[in-house]
Participant: 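Once you've had a glance at the structure underneath, I'll fire off some questions.
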Amino acid sequence: MISATEEHRVVEEVPKQLLIGGEWRDAGEGGWFEVEDPSTGEALCEVADGTAEDALAALGAAAETQPEWATHAPRERGEILRRAYEALNDRADELALLMTLEMGKPLADSRAEVVYAAEFFRWFAEEAVRIDGRYTVSADGTHRTLVIRQPVGPCLLITPWNFPMAMGTRKIGPAIAAGCTMVMKPARYTPLSMLALARILEEAGLPPGVLNVLTTRSSGRTMAPIIEDRRCRKLSFTGSTEVGAKLMEQASSNLLRLSMELGGNAPFVVFEDADLDAAVEGALVAKLRNMGESCVAANRFHVAEPIAEEFARRLAERIGVLTVGRGTDDGVDVGPLVDEDQRAIVTDLVGDAVAKGARCLVGGERIDGPGYFYRPTVLDGVPPDARLLKEEIFGPVAPIATFGTEEEGIAAANDTEYGLVAYVYTRDLSRAFRVIEALETGMVGLNRGIVSNPAAPFGGIKHSGFGREGGVEGIVEYLEVKHVAMSP
Ligand code: SIN
């Protein structure tokens, strides 16, 4: 059990100001906004409410630092990331507590996120020294071609509240490794994990001005001047498809390089030949990691008719015994949702499905009292017109629908404008290949309920966006290609 004093201490120790050009400073207009604990609805602290002028100052610092940072030795850039990786692991417990307080997920999940976040730094520490190019002789032998890769330049990085640290490290890591400077704008719900991370990077030796952090409660108004400023060269965004599309429109006049990691509507497809135990275990992870508040959360379960009832019964049995509560309490499996709006969306989606004929096997209700808790839920017999098969749920709700043939299973999985990830359970290797190739997604979990891995390219297609984070692909997003034609 964590004491109130300990909770207070970890929050107190985090810087609450803006980080611009290596200085922690108040917002230009002196404003502050509250950060809330979603498990109580009470304020944890206040952080600086950055303005458009602060945003331009942050971009100015990034732009000024860019030329020097671009020439910094790759090994040194990697060493900074490596030291930050170690510090994150050393301080994983206190950072996990901080994350749980501002975001709500159980401590074990927060700890797992800190480790996941740190791994991006380790991965990109190793990639910093592997930025290469090529040298070729032209086809007619008259000249030579040199291809070099250089940092894109100052980047604007915008991160979501659901993974407040890992979504940051997977943008900051490759940016540092590639030699880019940046302005980081964390989500207003969860700025503390990012502010703590910025302090760790400072301590790891990151030069002033490379990372500038701008907290603000009014993202759109504050970020617009950066997006439209010629000094900014790239925008990397993780968040909803709706906001991503608006940012793309804004960024078009400045022709920014873009990486967009947007919404998902992941199908979890279980074929008749699947290992049912493994499928249920995978379903628990794919659905309940982060309380379902993840773009890679299994959004809908499509299960072959002959095994659907058994799968639903077993999943409901496992989900029905989970403990819901404050993430800092011992034995809690599922924390609160991020706010009342999110809980209202989940409540509405479940209500719609039940009204259209779905059967609630477990859960299906909000938990009254302080905080934004919603009981983990399994619905079966979900009809095709239920909204939760089409819309991103972002909550602990597992809707189960059935399919007949393999082709029908694939068609159901692809019946969405999103294309981030799909999960497939089958023991038939030929079927596995057929299905993987037919799925319209950027990622597939085959007999596995989680795909996230800093060494693999994370990202989607269709309305889930474009660009990849992590893997050898991750750093490419922060590099420009220059071709030099040379006469011998
Ligand atoms: C997300 O939900 O945005 C990303 C989750 C992950 O990296 O696993």
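Just so you know, ligand 1 is whichever comes first in the structure, and atom 1 is the first atom listed for that ligand.
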Participant: Once salt bridge (Lys or Arg N to Asp or Glu O under 4.0 Å) is applied, what residue pairs with a partner in residues 336-347 remain, sequence neighbours excluded?
Facilitator: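 Only E340-R343, E340-R366 qualify under salt bridge (Lys or Arg N to Asp or Glu O under 4.0 Å).
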Participant: When you check the gap from the basic side-chain N to the acidic O, do R91 and E94 get nearer than 4.0 Å?
Facilitator: no
Participant: Could you report the tightest heavy-atom contact between F373 and P336, atom names first, then the distance?
Facilitator: CE2-N, 3.4 Å
Participant: List the residues meeting side chain to side chain contact (heavy atoms under 4.5 Å, CB included) with A87, not counting sequence neighbours, and say none if there are none.
Facilitator: I200
Participant: Can you classify the ring geometry of F394 versus W161 as parallel (below 30°), tilted (30 to 60°) or perpendicular (above 60°)?
Facilitator: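 The rings of F394 and W161 stand perpendicular, inter-plane angle above 60°.
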Participant: When the side chains of residues 263-270 are checked against the rest of the protein, which donor-acceptor pairs come out under 3.5 Å, sequence neighbours left out?
Facilitator:
| residue | atom | partner | partner atom | Å |
| --- | --- | --- | --- | --- |
| N265 | OD1 | N299 | ND2 | 2.8 |
| N265 | OD1 | R300 | NE | 2.8 |
| N265 | ND2 | L389 | O | 3.0 |
| N265 | ND2 | K390 | O | 3.3 |
| N265 | ND2 | T416 | OG1 | 3.4 |

Participant: Give me the pairs of N or O atoms, one from ligand 1 and one from the protein, that sit under 3.5 Å apart.
Facilitator:
| residue | atom | partner | partner atom | Å |
| --- | --- | --- | --- | --- |
| ligand 1 | 2 (O) | N162 | ND2 | 3.2 |
| ligand 1 | 2 (O) | S294 | OG | 2.9 |
| ligand 1 | 2 (O) | C295 | N | 2.9 |
| ligand 1 | 7 (O) | Y116 | OH | 2.7 |
| ligand 1 | 7 (O) | R170 | NH1 | 2.9 |
| ligand 1 | 8 (O) | R289 | NH1 | 2.9 |
| ligand 1 | 8 (O) | R289 | NH2 | 2.8 |
| ligand 1 | 8 (O) | S452 | OG | 2.4 |

